[in-house]
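Just below is one structure, and these are the notes that go with it.
Lettering follows sequence order; numbering is per chain, from 1. The structure displayed is predicted, hence computed values, not measured ones.
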Number of protein chains: 2
Amino acid sequence: MWYHVDPHSGIPIYIQLKEQIKKAVASNLLKEGEQLPSVRELAIKLTINPNTVARVYQELEREGIIETARGLGTFVARRREEYGAAQEDILERALESLMVEAYQLGVDQERLRIKFEKKLDVWRDRLKKEGDV
Amino acid sequence: MWYHVDPHSGIPIYIQLKEQIKKAVASNLLKEGEQLPSVRELAIKLTINPNTVARVYQELEREGIIETARGLGTFVARRREEYGAAQEDILERALESLMVEAYQLGVDQERLRIKFEKKLDVWRDRLKKEGDV
DNA sequence: ATCAGTGTACTAGTTCACTACTACACCTTA
DNA sequence: TAAGGTGTAGTAGTGAACTAGTACACTGAT
């Protein structure tokens, strides 16, 4: 639908596509259980190789974001609820990167907090817009 | 000093080193004007090629984080204070990535906020510990 | 059983990221 | 002006990342 990809951007095609799908899922544009376009269909629409789409789907499946069934298609997985040490660690690093980035950009802490809160609100709205189930 | 690097980690050496330096600057372990180890010195300590270190320094200079002078050495630059549309954009993306990541990890918004605040405090402490100038 | 849909495996080629070797250019001090 | 420090430039090789071509395997409906 709204997927698009630029082979000349320097960023690998499969990364571009993967990020778009991840974001779509996280912002509830793609809802739980919803079917994604087939490997071939998407490949044709984006004029890329089916294997490239397949790779994206495989990686997303390994990350537990989608589920795929041979002969049937690919679907958005149920959101995981568990939250262990590994997740904790990843989030920790992500936050640290954000701090470093902000500093490098010349953004002071107060400004960062405001930005963060604003973004959090936006996200909350997106998730609530079509309350799932 | 505390730099270390693993050639077998899968992550490029120059990325590892660059991130360490960026983080050191952002957390005020490396202060404004402070001199970094020379290309050769660091290369020998880490048993890597001088050019790899040089690449790190070049990229960091392009990002405005350090300043380099032929024949003299390399130094931590003054922190930039300007804050334009480009910066705004980068920060925006960083925040968005964080939201997506958190969602994927199964972290709800409230928990994310708490984590964020905690991290912000840690960072504030680091910056204040040796108030510059 | 057959068909038309789905995802998958295998293979291979091309590009480029990454690192290293070597030699050069600049600056400061004595 | 010579020496010893600094960063830099050019070149090259190895390997892996990325994508594509082609053929296979599974599923559900007819």
Side-chain angles (χ1 to χ4, degrees), chain A residues 1 3-22 24-25 30 33-78, chain B residues 1 3-22 24-25 30 33-78:
Chain A
M1 5 177 149
Y3 302 117
H4 66 98
V5 129
D6 175 13
H8 305 296
S9 72
I11 301 166
I13 297 175
Y14 86 101
I15 295 280
Q16 295 181 48
L17 183 54
K18 192 174 157 188
E19 291 307 313
Q20 284 177 52
I21 296 177
K22 280 178 83 164
V25 171
L30 283 173
E34 187 168 343
Q35 179 162 13
L36 281 81
S38 83
V39 166
R40 280 173 187 74
E41 184 187 346
L42 194 47
I44 291 172
K45 255 189 190 153
L46 301 177
T47 17
I48 60 181
N49 193 281
N51 256 333
T52 304
V53 179
R55 174 175 187 179
V56 171
Y57 283 6
Q58 280 177 338
E59 297 204 2
L60 289 174
E61 180 169 33
R62 239 184 291 124
E63 296 178 23
I65 296 172
I66 64 180
E67 284 171 351
T68 170
R70 260 195 169 174
L72 289 181
T74 306
F75 308 85
V76 178
R78 282 213 321 285
Chain B
M1 6 178 148
Y3 301 116
H4 66 97
V5 130
D6 175 13
H8 305 298
S9 72
I11 300 165
I13 297 174
Y14 85 101
I15 295 280
Q16 295 180 48
L17 182 55
K18 192 174 157 188
E19 291 306 314
Q20 284 177 53
I21 296 178
K22 281 178 81 165
V25 171
L30 283 172
E34 188 168 341
Q35 178 163 14
L36 282 81
S38 83
V39 166
R40 278 174 188 72
E41 184 187 347
L42 194 47
I44 290 172
K45 256 187 191 154
L46 301 177
T47 20
I48 59 180
N49 193 279
N51 254 335
T52 304
V53 179
R55 174 175 186 179
V56 171
Y57 283 7
Q58 280 177 337
E59 296 203 3
L60 289 174
E61 181 170 32
R62 240 183 289 124
E63 296 177 22
I65 296 171
I66 64 180
E67 283 171 351
T68 172
R70 262 194 168 175
L72 289 181
T74 306
F75 308 84
V76 178
R78 280 213 322 285

*Should B:L17 and B:Y57 be marked as a side chain to side chain contact (heavy atoms under 4.5 Å, CB included) after you check the CA-CA gap, both sets of side-chain angles, and the distance that decides it?*
CA-CA 10 Å; B:L17 182 55; B:Y57 283 7; 5.7 Å; no
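B:Y57 places its OH atom 17 Å from the P atom of D:dA9, with the value rounded to the nearest Å.
Distance OG1/A:T74 to CD/A:E34: 12.5 Å, rounded to 0.5 Å. Note that CZ of A:R55 and CD of A:Q58 are 9.0 Å apart. Values are rounded to the nearest 0.5 Å.
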N/O-N/O pairs, protein side and nucleotides 19-23 of chain D side, under 3.5 Å:
residue: D:dT19; atom: OP1; partner: A:I13; partner atom: N; Å: 2.5
residue: D:dT19; atom: OP2; partner: A:Y14; partner atom: N; Å: 3.4
residue: D:dA20; atom: OP2; partner: A:N49; partner atom: N; Å: 2.9
residue: D:dA20; atom: OP2; partner: A:T52; partner atom: OG1; Å: 3.2
residue: D:dG21; atom: OP2; partner: A:N49; partner atom: ND2; Å: 3.4
residue: D:dG21; atom: O6; partner: A:N51; partner atom: ND2; Å: 2.1

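A search for side-chain hydrogen bond (donor to acceptor under 3.5 Å, both in side chains) contacts involving A:Q16 returns A:S9, not counting sequence neighbours. Remark: A:E63 pairs with A:K18, A:K22 by the side-chain hydrogen bond (donor to acceptor under 3.5 Å, both in side chains) rule, at least two apart or across chains. Qualifying side chain to side chain contact (heavy atoms under 4.5 Å, CB included) partners for A:A77, counting only residues two or more places apart in sequence or in other chains: A:E67. When the side chain to side chain contact (heavy atoms under 4.5 Å, CB included) test is applied to A:T52, the partners found at least two apart in sequence or on another chain are A:I13, A:Y14, A:I48, A:N49.
Summarising the geometry of A:Q35 relative to A:L72, their closest heavy-atom pair is NE2-O, 3.5 Å, with the distance given to 0.1 Å. Of all non-hydrogen atoms in A:Y3 and A:L46, the two that sit nearest each other are O-CD2, 3.5 Å.
Less than 4.0 Å separates DNA chain D from at least one heavy atom of each of the following residues of residues 59-70 of chain A: A:R70.
Residue pairs satisfying the salt bridge (Lys or Arg N to Asp or Glu O under 4.0 Å) criterion with at least one member in residues 6-17 of chain A, sequence neighbours excluded, are absent.
Taking a heavy-atom distance under 4.0 Å as the criterion, the stretch of DNA chain C touched by chain B extends 5' to 3' from C:dC18 to C:dT28.
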